[in-house]
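Each chain gets a letter, A, B and so on, in the order the sequences are listed, and its residues count up from 1.
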Amino acid sequence: MAAQKSAPARVSNGQTNGMKRKRQDGPKQNNPLQNKKIKLLESRKKLPIWSRQQDIKAALEKNDVLVLSGETGSGKSTQLPQFLLESKWCSKCVAVTQPRRVAAISLARRVAEEMGTPLGKSSPASKVGYSVRFDDSTSPSTRIKYLTEGMLLQEMLRDSAMSQYSCVVVDEVHERSVNVDLILGFLKGLVKGINKKRKTPLKVVVMSATADVAGIARFFDEPMPSDKASGTDGDEEDDLNEAKINGDAPKRPVASPKPVSTCHVEGRQYPVKLSYLDRPTDDVLQTAFERIFKIHCKEPMPGDILVFLTGQETIQSLQKLIEEYAVNLTADYPKLLVLPLFAALPQHAQQRIFQSAPPNTRKVILSTNIAETSVTVPGVRFVVDTGKAKIKQFRNRLALDSLLIKPISRSSADQRKGRAGREAPGQCYRLYTQEGYNSLEKNATPEILRCDLSAAVLTMKARGVPDPLSFPFLTPPPRDAMEKALLQLLQLSALAEDGSISVTGKAIARLPLTPTLGRVILSSARSDPPCLRETIDIVACLSVENIFVNVETEETREQAADARGQLYRRSGDHMTLLAAVQAYAAENSDRKAWAERHLISHRAMQSVMDVRKQLRAQCLQAKLLPSGSSFSDGDDEGVSSADEELTERILKAFLSGFANNIARLCPDGSYKTFVGNQTVSIHPSSVLFGRKVEALVYNEFVYTNKAYARGVSAIQLKWLEDLFT
DNA sequence: GAGCACTGC
């Protein structure tokens, strides 16, 4: 397995192995696409899912919904969509959703090869395409379309009946992203006939590695929450397993058809030996350190070690420990190469995990959760699992995100273990006890129970769900969290007093932003005079990863301060980001070199420019600019940095979305939030760090070691009077 | 004095 360099994002989780049958369409023996297809067919036939082809087709002939569980290596993501194309009911397109962009792109590439068709928009004859943000590669002849969950939700804004699809395949459901939960709820409504616009039934396949198949099947089987009150449908959960397709033909009463089939496909994994600690450790880093050297000194080469840790800080301190000790290893042992892996690491450093180590060297990859799902590290035969991860949890009473170290779930632990058996039999060392494992939660808390629901609720409203409180959730969020989100949308004027979506709300829902940032965009267009262009630049920065690269040493810190000094603005982070975007955009010769000189992430800046372009196009389309005006590429140097009036206009636009994110300076020198009167500190990454100003607006309120405001600017209290009158 | 992982016509 190798790195996919195609996508603008991180690394790949590409599926390999896979192939397909089928006659050749043409007699051309020298067609390279056809030759490749024939070659790939042999490996496809060896996939565990291959032999289940007829079962799967039969299940969907009979029922509208199939829930399929299949572990790593079963071939489900590549093969199942191809199986469906041959079914009579499948006259239109098959959509396959993925949580990540790289996965959508690499799966589409693979399946196009297997089918012997060109990829996406490269040819009008292409049968396989993909659609991810900033990159739509489909053609009118596309029959299988891999797309991110977010893209499918966006498509549903225009066409809630999903009339271009015969089937929607929802993959990786066990990851339980918010988007997947929303998609499942909408699909349930469609399957239950809520949307009458469809002429033919929509087929739905839900695929998952580990998730509770019976639970998801039951979800589709149960009546809609709104039907429950009226009792229009019976509840016959107990009969569910009758519809299993790997046994006898499903018996089902004619009067109340069971719409759900289930199916399990084995994975293809090498065995992984497990070991636990006898007693819990109180110093997990020390224990990991010892384990790594035991493996290294005892186990034969080859075989790299993958260690799961919680964050950048622990990764770097363990790296230091290992490197210091490894110097003393005698020449009898292979060398050790320590490679950190976390999302904030620059791309070139991440790519090092894909390069083979020098001769007689063992790689030790120290990774966050990124290696659990998003990145497949090749060559790993040993996994060391600390059993912990950092989890973000939204506390809606305080409107505060906490990022805390928590025990992982059993399914996460099993996923981590599986990383040792991708290429050969392996071994997994859990740095906790067997009892510890047994006491873990079975599954991780779904994101929908841990996040700010305002975006999800707005999405529902914009797609015609009148009452989000009765939306069919796989796991319904607490009522007070839903109500808080409704209130927040009301404050943003995204909802009218009666709870219906407003014109403003509809406009916000179309923007690829959180509702608060969307509201800011609209306000900036309406301010007098408008400051939309500048606000887009700032919002684009706030919606991507940090553009300023982290500096670790005293030296680089000073270097960073020097390099970035000319970009810093006294008013705070918002205007500083604007200065950075404008300076970057005005740089016409070598933007990459400019970014490096200023210790700014070029990758992040490229995303900013993509988002900016997208937002500009959408604002033009939504006619947010006065008629006759437009954006042009040459207008980036326009803003004078000392323009206090402009600063005020921009920050007031931000206050319209962030009225709850204000803190004021107290006599004791601390900042307290307006809402909730919580003590909050300016995050050390802010240009306002260490400064005292009368009041602040902040982009994010995050609890890590203490409560921090991130993305901070100084405001005047008197601005608030204008704002709320 | 500090940054789990993703995503958006």
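Checked for salt-bridge contact, E545(A) and R603(A) meet the test: a charged N lies under 4.0 Å from a carboxylate O.
Closest contact between the side chain of K392(A) and the listed nucleotides dG3(B), dA5(B), dC4(B) involves dC4(B). The side chain of H683(A) approaches dA2(B) more closely than any other nucleotide in the set dA2(B), dC6(B), dG8(B). The listed nucleotides are dG3(B), dG1(B), dA5(B); the one nearest the side chain of R710(A) is dG3(B).
Scanning for salt bridge (Lys or Arg N to Asp or Glu O under 4.0 Å) contacts around R430(A) gives D414(A), with sequence neighbours left out. Qualifying salt bridge (Lys or Arg N to Asp or Glu O under 4.0 Å) partners for E155(A), counting only residues two or more places apart in sequence or in other chains: K145(A). Evaluation of the salt bridge (Lys or Arg N to Asp or Glu O under 4.0 Å) rule for E596(A) yields K592(A) as partners, not counting sequence neighbours. Listed by chain and number, the residues in a salt bridge (Lys or Arg N to Asp or Glu O under 4.0 Å) with R416(A) are E372(A), D385(A) (sequence neighbours excluded).
OP1 or OP2 of dG3(B) lies within a sub-4.0 Å distance of a side-chain N or O belonging to T704(A). Not one side-chain nitrogen or oxygen of T373(A) sits closer than 4.0 Å to the OP1 or OP2 atom of dA5(B). OP1 or OP2 of dG8(B) lies within a sub-4.0 Å distance of a side-chain N or O belonging to R101(A). For dG8(B), the OP1/OP2 oxygens have a side-chain nitrogen or oxygen of T148(A) closer than 4.0 Å.
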Could you pull out every donor-acceptor pair under 3.5 Å between side chains of residues 505-515 of chain A and any protein atom, sequence neighbours left out?
residue : atom : partner : partner atom : Å
T514(A) : OG1  : T516(A) : OG1          : 3.2
T514(A) : OG1  : L517(A) : N            : 3.4

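Using a 4.0 Å heavy-atom cutoff across all strands shown, E149(A) reaches no nucleic acid atom at all. Among the atoms of the strands shown, base atoms are found under 4.0 Å from some heavy atom of L403(A). When heavy atoms are screened at a 4.0 angstrom cut-off, E155(A) is found touching no nucleic acid atom at all. Among the protein residues, S177(A) comes within range of no part of the nucleic acid, since none of its heavy atoms lies under 4.0 Å from any strand.
The aromatic rings of Y432(A) and Y437(A) sit parallel, their planes meeting at an angle under 30°, below the 60° perpendicular limit.
Interface residues of residues 508-517 of chain A facing DNA chain B, ordered by number: R510(A), P512(A), L513(A), T514(A); criterion, heavy-atom separation under 4.0 Å.
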